[in-house]
2 protein chains.
Amino acid sequence: MYDLFFRKFNERVALTSEEEMLIKQLLTPKKLRKKQYLLQEGDTGKSICFVEKGALRAYVLDEKGNEYITAFAFEGYTIGDLYSFMNAAPATLNIDALEDCELVLLSKSAHEELLQKLPKYETYIRLLLTDAYIMLQRRMTNMISLPIEERYIAFSEMYPTIFQRVPQHMIASFMGLSPETLSRVRTRISNKK
Amino acid sequence: MYDLFFRKFNERVALTSEEEMLIKQLLTPKKLRKKQYLLQEGDTGKSICFVEKGALRAYVLDEKGNEYITAFAFEGYTIGDLYSFMNAAPATLNIDALEDCELVLLSKSAHEELLQKLPKYETYIRLLLTDAYIMLQRRMTNMISLPIEERYIAFSEMYPTIFQRVPQHMIASFMGLSPETLSRVRTRISNKK
DNA sequence: GAAAAACGTTGACAAAAATCAATGCTTTTA
DNA sequence: TAAAAGCATTGATTTTTGTCAACGTTTTTC
């Protein structure tokens, strides 16, 4: 049930089986069907969500109802509205399933209990945050410093398998482009080769 | 010397004076004159840098030598090439002083020693990272979802005092715009009012 | 299994932004 | 303090990107 969760955890911080037990008690499994919401704008993000299986996306809406995808999450990723989770504030993100999902949820109270009882948990969270921050910073740097074509190439090297799982117009949205522009970028690149 | 550093620390995690002593021993003060480098591309980012006084920027260069500013840091901020620091890898960022600076440096070995000896330090780092991640995510979301004018307004509400300290063309760079475009955005906005 | 919806591509056009150049002003620097 | 460098703005132009529409294909859905 929580295989991947603990595999990832142990890759970073090795746990004893007692420690695993302690954590396991505080986790909640959840299945989500494709298109179902994990979180809707205005809800309070009560959980951190780890993806055992499947794929999700996070997005915001503007006043016209246009979607802007801010994140994807696949197996082994963590997703959630961190601001909402940390501050018990209404979420600005929507998160829904792109495929049927098996998720592992960690509630706010479970999170706090683990921070109290298990220093290794805090270490793991710190490492996760560090990685997430570095990735996001790279994405931002690419956004402001690279011309679109190179940004696309960097993106496709970073997430080589994403095209099999996510429609292209969502990737465009994630990159801050219109679907037509991304399509044209792709044909331009493949013509060059 | 380390006033602001400990003030910020104690705002998040309260320290005893013994704990402050322990940390203080491991900090290194550094002064930097305007235009001096804290870090150059290719160096290994050996320190996390806390700003007691002054202002710095981080930027990357493209092959033509154009600068793209990825971050500013003022009093109370932390700056550094996190990837380089964590992985002892060559930095991709350049960091230099926009004003004369008083800095507090924390070396990699000091960082590791504190993580070992002082759980509160890890908590503080975790909280810093959480905030930094949330801010960066907001910046990214604004970048892909807001039209330029609103992005500018959001930016100027987020950092209202920045215009007194940073030339406008650097703000343009930070926002991923040409200086001319930012100038025009500003006149458009002020004409509306 | 048929109808509907979603998707990616292409073309024509409009809008936005970058680039290039010139100007006047302010700040640095020698 | 004079010269140089840095800076913000504006205009003209080019390039890039978005928008709107149409089309054929694939995937969902009932």
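Below, chains carry the letters A, B, ... as their sequence lines are ordered, and counting in each starts from 1.
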Next on the checklist: How many whole angstroms separate atom CZ of Arg188(B) from atom P of dT10(D)?
Outcome noted: 12 Å
Item to check | Length of the line joining Ile144(A):CD1 and dA18(C):C1', which is rounded to integer Å | outcome: 16 Å
Checklist entry - Within this structure, what is the CZ-to-P distance between Arg186(B) and dC7(D), rounded to whole angstrom? => result 15 Å
Checklist entry - Can Lys46(B) be said to sit on top of Phe85(B)'s aromatic six-ring, NZ or CZ under 6.0 Å from centre and within 45° of the ring axis? => result no
Checklist entry - Taking the six-membered ring of Tyr2(A), is NZ or CZ of Arg7(A) closer than 6.0 Å to its centre and within 45° of its axis? => result no
Item to check | Residue Gln168(A), side-chain heavy atoms: nucleotide from dA12(C), dT9(C), dT10(D) that is nearest | outcome: dT9(C)
Checklist outcome for this item: note: His169(A), atom NE2; dC20(D), atom P; distance rounded to Å ~ 17 Å
Next on the checklist: Which nucleotide wins on minimum distance to the side chain of Ser178(B), given the candidates dT19(D), dA18(C), dT9(C)?
Outcome noted: dA18(C)
Checklist entry - Do any of residues 33-41 of chain A sit with a heavy atom less than 4.0 Å from DNA chain D, and if so which? => result Lys34(A), Lys35(A)
Checklist outcome for this item: Here the distance between atom P of dC7(C) and atom CZ of Arg165(A), to the nearest Å, is 16 Å
Checklist outcome for this item: Whole-Å distance, Glu180(A) CD to dA12(C) P, equals 15 Å
Next on the checklist: Side-chain N or O of Thr181(B) versus OP1/OP2 of dA18(C): is the shortest distance under 4.0 Å?
Outcome noted: yes
Item to check | Rounded distance in Å - CE (Met170(A)) to P (dA6(C)) | outcome: 10 Å
Next on the checklist: Quick check on DNA chain D: between Pro179(B) and Val185(A), whose nearest nucleotide comes earlier from the 5' end?
Outcome noted: Pro179(B)
Next on the checklist: Checking contacts here: which listed nucleotide (dA17(C), dT9(D), dC7(C)) is nearest the side-chain heavy atoms of Ile148(B)?
Outcome noted: dA17(C)
Next on the checklist: As a test of reading the structure: which of dT9(C), dA8(D), dA18(C) is closest to the side chain of Pro167(B), going by heavy atoms?
Outcome noted: dA8(D)
Checklist entry - Are Arg184(B) and Glu180(B) close enough that some pair of their side-chain heavy atoms sits under 4.5 Å apart? => result yes
Next on the checklist: So Leu182(A), base contact, sugar-phosphate only, or nothing? Heavy-atom distance under 4.0 Å.
Outcome noted: nothing
Checklist entry - Could you give the NZ-to-C1' distance, from Lys64(A) to dT19(D), as a whole number of Å? => result 11 Å
